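Along the sequence shown, residues are numbered consecutively beginning with 1. Because the structure is a prediction, the values reported are computed rather than measured.
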Amino acid sequence: MKKILSCMLIIWILGGMVPTIEVKAASNVIAVEMEMYSTSGTPVYTTDNIFTDVAFLLERFTLVKVTGITTSGFYRVDIGGTYYIPGAFLIAQVSAPKTEKEIMLEALEERAEAYAMLLEQSQQSITTYGLVDVTGDGLPELFSGNGREIYTCYEGRPVVMYCGMYQDIFYKSPKDNALIGKYSWNGQDIWEVFYVDMSLLPWGQFRCFSTLAAPYIDKAVQITYPYTNDEATRTGIKTVLKNMLGIS
């Protein structure tokens, strides 16, 4: 029986009975005239059939002249000749690169929402707060009025960068944007100079690297907590951040 099947298979192949895919050129085309842009690695065909060989590829955001749309879902294009591109690979327009101001506004919007969420959830523990940029990213961190927590925003949510056991008096050194903290323990003032450690958390942590604050404290500005955690400041925190950054 196996021999018979093997013989039949050989005869079938030799007889040219291997199935082939019939390739047809576009027959139903709606004529249009417009310009579109290619996406990444856009394939260009000689017919409106993806089972044919790709003639060539277009780089991303190449301007293409479209002359028709086929009923099979291809664009007929004129690229030094008539070719066809699957509909999913062309887009009507290319978004202009975002300006620095647009990027900053998006980040500000996200941070404002995160801080408003934090303040809403922490009305008992955070009664006052301050907003100061001490990481150098251009957007303020939120300092809790109890002098023990510093928050930032990561992926749209509030996260802790510092949580201390003692009530710190924080300072910012304008010379090098250093964060300095002072607290009292056993009748003595303890100074700490912080840096942002990125090794454990993706948003970073404030860690002490020195207790010698003298090189940093000159002309340092004490961080204050001028904002009260109430409904008015929570709903208006976006405006506060914009005003701080001089963004209209």
Hydrophobic cluster identity match, V196 and V159, side-chain contacts under 4.5 Å: yes
Cluster check Y83, L90: I/L/V/M/F/W/Y, side chain < 4.5 angstrom: yes
Show the nearest heavy-atom pair for residues [X] and [Y], with the distance to one decimal.
X	Y	result
D137	E141	OD1-OE2, 3.8 Å
Y37	A92	CD1-O, 3.9 Å
M117	P158	SD-CD, 3.9 Å
V193	A213	CG2-CA, 3.9 Å
Y216	A178	CD2-CB, 4.0 Å

Partners passing side-chain contact (heavy atoms from CB on, under 4.5 Å) against [X] (at least two apart in sequence or in another chain):
X	result
T239	N243
Q124	none
V160	Y151, C163
I69	V32, M34, Y75

Do [X] and [Y] make a side-chain contact, defined as non-hydrogen atoms from C-beta onward lying under 4.5 Å apart?
X	Y	result
L245	L108	yes
R76	I85	no
Y45	F51	no
L241	P140	yes
I150	F206	yes
I217	S173	no
F143	Y162	no
P43	V54	yes

Check: [Y] main-chain N/O paired with [X] side-chain donor or acceptor under 3.5 Å:
X	Y	answer
D230	T233	yes
S38	T42	no
R111	T152	no
N229	L119	yes
S210	L212	yes

Partner residues of [X] under the side-chain hydrogen bond (donor to acceptor under 3.5 Å, both in side chains) criterion, sequence neighbours left out:
X	answer
E113	none
T235	none
T211	none
N177	K172

Audit row: M161, W203, side chain to side chain contact (heavy atoms under 4.5 Å, CB included) steps and yes/no: CA-CA 8 Å; M161 292 191 75; W203 55 85; 4.2 Å; yes
Pairs where residues 116-139 contributes a residue and the test ring pair (Phe, Tyr, Trp, His ring centres under 6.0 Å) is met, not counting sequence neighbours: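 Those involving residues 116-139 are Y129-Y227.
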Without placing hydrogens or testing angles, list every side-chain donor-acceptor pair under 3.5 Å for residues 55-65, not counting sequence neighbours.
from, atom 1, to, atom 2, distance (Å)
T62, OG1, E59, O, 2.8

V132/V221 under side chain to side chain contact (heavy atoms under 4.5 Å, CB included): CA gap, chis, key distance, verdict: CA-CA 11 Å; V132 183; V221 179; over 6 Å; no
Side-chain donor-acceptor pairs under 3.5 Å in residues 181-192, sequence neighbours left out?
from, atom 1, to, atom 2, distance (Å)
S184, OG, D189, OD1, 3.1
W185, NE1, Y166, OH, 3.4

Residues forming a salt bridge (charged side-chain N to carboxylate O under 4.0 Å, His left out) with E155, sequence neighbours excluded: R157
Candidate list V134, D168, I169, test side chain to side chain contact (heavy atoms under 4.5 Å, CB included), partner I223, passing option: V134
